[in-house]
Each structure stands twice: as C-alpha cells, then as structure tokens.
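Labels below follow one simple rule: chain letters A, B, ... track the order of the sequence lines, proteins then strands, and each chain is numbered from 1. Values reported hereafter were calculated over all heavy atoms of this structure, with side chains retained and with hydrogens, waters and symmetry mates removed. Nothing here was measured: the structure is a model prediction, and the numbers come from that model.
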Number of protein chains: 2
Amino acid sequence: MKNVDDKIFLMHAEVCKAMANPIRLKILDALGHGEQSVDVMAKSLNLRKANLSQHLAVLRQRGIVATRRDGLHIYYCCANSKMLKACAILREVLLEQLEEGGRLTKQVSRRG
Amino acid sequence: MKNVDDKIFLMHAEVCKAMANPIRLKILDALGHGEQSVDVMAKSLNLRKANLSQHLAVLRQRGIVATRRDGLHIYYCCANSKMLKACAILREVLLEQLEEGGRLTKQVSRRG
DNA sequence: TAAATAGTTTCAATGTTTCGAATATACTAA
DNA sequence: TTAGTATATTCGAAACATTGAAACTATTTA
C-alpha cells in the first residue's frame with residue numbers, strides 16, 4: 001500500500017487541479033461571502049448553467065464545496081474555511097507580485 | 001483592458017495549475033527544507049533528470065521557485081515562503097480529511 | 001581543444017481538461 | 001399526471017499536460 005505522504009501529495013494535487021481554473025476560483029471567492037444558489041451564481045458570474053454546474057461538480061468531487069437542497073434550489077457553500085485562507089494567502093502573494101511588476105515597468109519606461 | 005481582479009484570478013489559476021501535480025508538490029516540499037541542486041533532487045525523488053527539469057521549468061515559469069548557478073550545479077529554492085504556508089494549510093485540511101475518513105471507515109466496518 | 005558532468009529543450013505519443021449542445025433527473029405546482 | 005423550473009450528466013471536439021528519448025547548452029577539468 002502507498003504511504004500516507006504519497007496519498008497526501010496526490011490529494012493535494014487533486015485539490016490544486018480543482019482550483020486551477022479562474023472560473024472555479026471566482027466561484028470560491030463568491031462563496032466566501034456566504035452560500036449561494038446555482039441560479040444566482042450563474043447570473044452574477046455570467047455563466048451558462050450547464051457550464052457552472054460542471055465546475056461545481058469538480059469542486060464538489062474534491063470536497064471543496066458542500067451543498068444543501070431547499071426545494072427547487074441547491075445552495076452551495078465552501079466546505080472548509082481553511083481552504084479559503086490558503087487561497088487568500090496565494091492571492092496576497094500575487095497582488096504583491098503584480099504591484100512589484102507595475103513598479104518595475106514604470107522604472108523601465110522612465111528609463112526608456 | 002482586463003481589470004485587476006480578473007488578472008489575479010488568472011494568475012491564481014496559473015499558480016494552482018503549476019502546483020496541480022504530485023511530483024511538483026514533492027519538489028516544493030523538498031525545497032521547503034532549503035535549496036537543492038537538480039542532481040540531488042533527481043536522486044532523492046527518484047526521477048529522471050529530464051523529467052525533473054521539465055517540472056522545475058513549470059514552477060520557474062510561474063515564479064514559484066528561483067535558481068542560482070554555482071559552477072556545474074544549479075540550485076533551486078522556493079521563491080516565496082508564503083506559498084509554502086498556503087501549501088501547508090491545504091495539507092493540514094487534507095490530513096484532517098484523511099483521519100476523518102479513517103475514523104468513519106472503522107465505524108462502518110464495526111457496524112458491518 | 002576535447003571529454004565529462006549538470007541541466008535544459010524539443011519532439012511525438014498518450015492522456016486529461018474544457019467547452020457547448022443535448023439529454024436526463026429532481027422537485028414543485030396545477 | 002403533466003408542465004415547468006432548477007440542476008446534473010453525457011458526449012464529442014479542441015486545447016492542454018505529461019512522459020521518455022534524443023539532442024542541445026553551459027561549465028569544469030585535463
């Protein structure tokens with residue numbers, strides 16, 4: 001049997017794969033503010049329902065989001081706030097990089 | 001021009017893509033303990049050099065690792081410790097899920 | 001300079017992800 | 001039961017990722 005570390009690396013890669021799409025990251029970001037129905041998300045993110053549903057399925061399969069049905073509507077929420085925390089840290093780094101990049105670009109154009 | 005948020009979601013997805021592979025996560029984990037040469041990593045991770053180099057290129061292109069040459073050797077290190085922090089949080093969640101799963105399995109088999 | 005070592009890149013085969021379109025399922029109301 | 005709304009699944013095509021093998025570049029040493 002495979003050891004626990006290898007299993008964790010595999011699971012970790014699966015989670016990253018699930019997050020490796022800008023639409024799915026927007027979905028997670030939206031769910032960070034509270035649960036939402038597919039319908040509402042489709043409108044606010046401007047996506048076809050079928051496509052949104054496919055992305056939600058990916059997140060569901062990896063246990064990143066959880067669902068609750070209420071009548072016709074299915075409400076999605078983030079399954080674990082620590083995952084949002086991990087996302088937030090990465091975004092922090094990227095924002096820094098973006099700012100850094102902007103500053104460098106300005107310096108270069110000032111020189112050119 | 002695309003707005004900053006969209007750009008961040010795209011960059012974030014790129015970073016997740018780069019991390020969405022168990023080999024690359026093992027590489028990052030190894031680099032968490034300090035810089036290492038390709039040669040040493042190839043041996044410790046039991047990978048062909050060409051393949052390791054391909055994975056390192058993915059991490060390099062996304063700015064996740066940085067390099068330094070010293071003579072014949074090229075040393076890789078993690079470019080930003082916050083990224084390791086984000087990885088650590090995700091692994092924490094996954095370890096919890098794995099433990100939770102194990103506990104449930106035991107309960108089920110006790111009942112069965 | 002040639003040979004050796006460390007690392008990278010390119011190519012082609014194979015596998016995976018993404019999407020829209022069509023189809024299917026779950027629930028509600030008439 | 002039928003119709004209607006909300007969501008999910010399946011399929012096929014295009015785009016993308018992963019791999020080993022071979023060819024390539026950079027550095028050191030003789």
* Is there side-chain contact between B/Val15 and B/Met19, with heavy atoms separated by less than 4.5 Å? -> yes
* **Nucleotide nearest A/Arg24 (side chain, heavy atoms from C-beta), chosen from C/dT8, C/dT18, D/dG20** =>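 Nucleotide nearest to A/Arg24's side chain: C/dT18.
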* Among C/dT8, C/dA6, D/dA8, the nucleotide that comes nearest once only the side chain of B/Asp39 is considered -> C/dA6
Atom [atom1] of [X] and atom [atom2] of [N]: how far apart are they, to the nearest Å?
X: B/Arg60; N: C/dT8; atom1: CZ; atom2: C1'; result: 8 Å
X: A/Ile27; N: D/dT7; atom1: CD1; atom2: P; result: 13 Å
X: B/His55; N: D/dG20; atom1: NE2; atom2: C1'; result: 12 Å
X: A/Leu45; N: C/dC19; atom1: CG; atom2: P; result: 13 Å
X: A/Leu72; N: C/dA26; atom1: CG; atom2: C1'; result: 8 Å
X: A/Leu56; N: C/dT18; atom1: CG; atom2: C1'; result: 15 Å
X: A/Lys49; N: D/dT5; atom1: NZ; atom2: P; result: 10 Å
X: B/Arg62; N: D/dC16; atom1: CZ; atom2: P; result: 12 Å

* **Expected output: side-chain A/Arg62 to main-chain A/Lys17 donor-acceptor under 3.5 Å** => no
* Look at the side chain of A/Asn3 and the backbone N and O of A/Asp6, then say whether any donor-acceptor pair between them is shorter than 3.5 Å. => yes
* Check: B/Tyr76/B/Arg60 side-chain N/O donor and acceptor closer than 3.5 Å -> yes
Just to confirm, is there a sub-4.0 Å distance from OP1 or OP2 of [N] to any side-chain nitrogen or oxygen of [X]?
X: A/Arg48; N: C/dC19; answer: no
X: B/Tyr76; N: C/dA6; answer: no
X: B/His73; N: D/dA26; answer: no
X: A/Asn21; N: C/dT18; answer: yes

* Asked: Under 4.0 angstrom, heavy atoms only, what part of the nucleic acid is B/Leu47 near: base, sugar-phosphate, or nothing?
  ->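 Answer is nothing: B/Leu47 stays at 4.0 Å or more from every strand.
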* So what does A/Ile74 hit on the nucleic acid, given a heavy-atom distance under 4.0 Å: a base, only sugar-phosphate, or nothing? -> sugar-phosphate
* **Evaluation steps, side chain to side chain contact (heavy atoms under 4.5 Å, CB included), between A/Leu84 and A/Cys78** => CA-CA 8 Å; A/Leu84 292 182; A/Cys78 184; 3.5 Å; yes
* Ignoring hydrogens and angles, does a donor from either the side chain of B/Gln54 or the base of D/dG20 sit under 3.5 Å from an acceptor on the other? ->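 Indeed there is one.
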* Structure fact -> By nearest-heavy-atom nucleotide on DNA chain C, the more 5' of A/Lys17 and A/Arg69 is A/Lys17
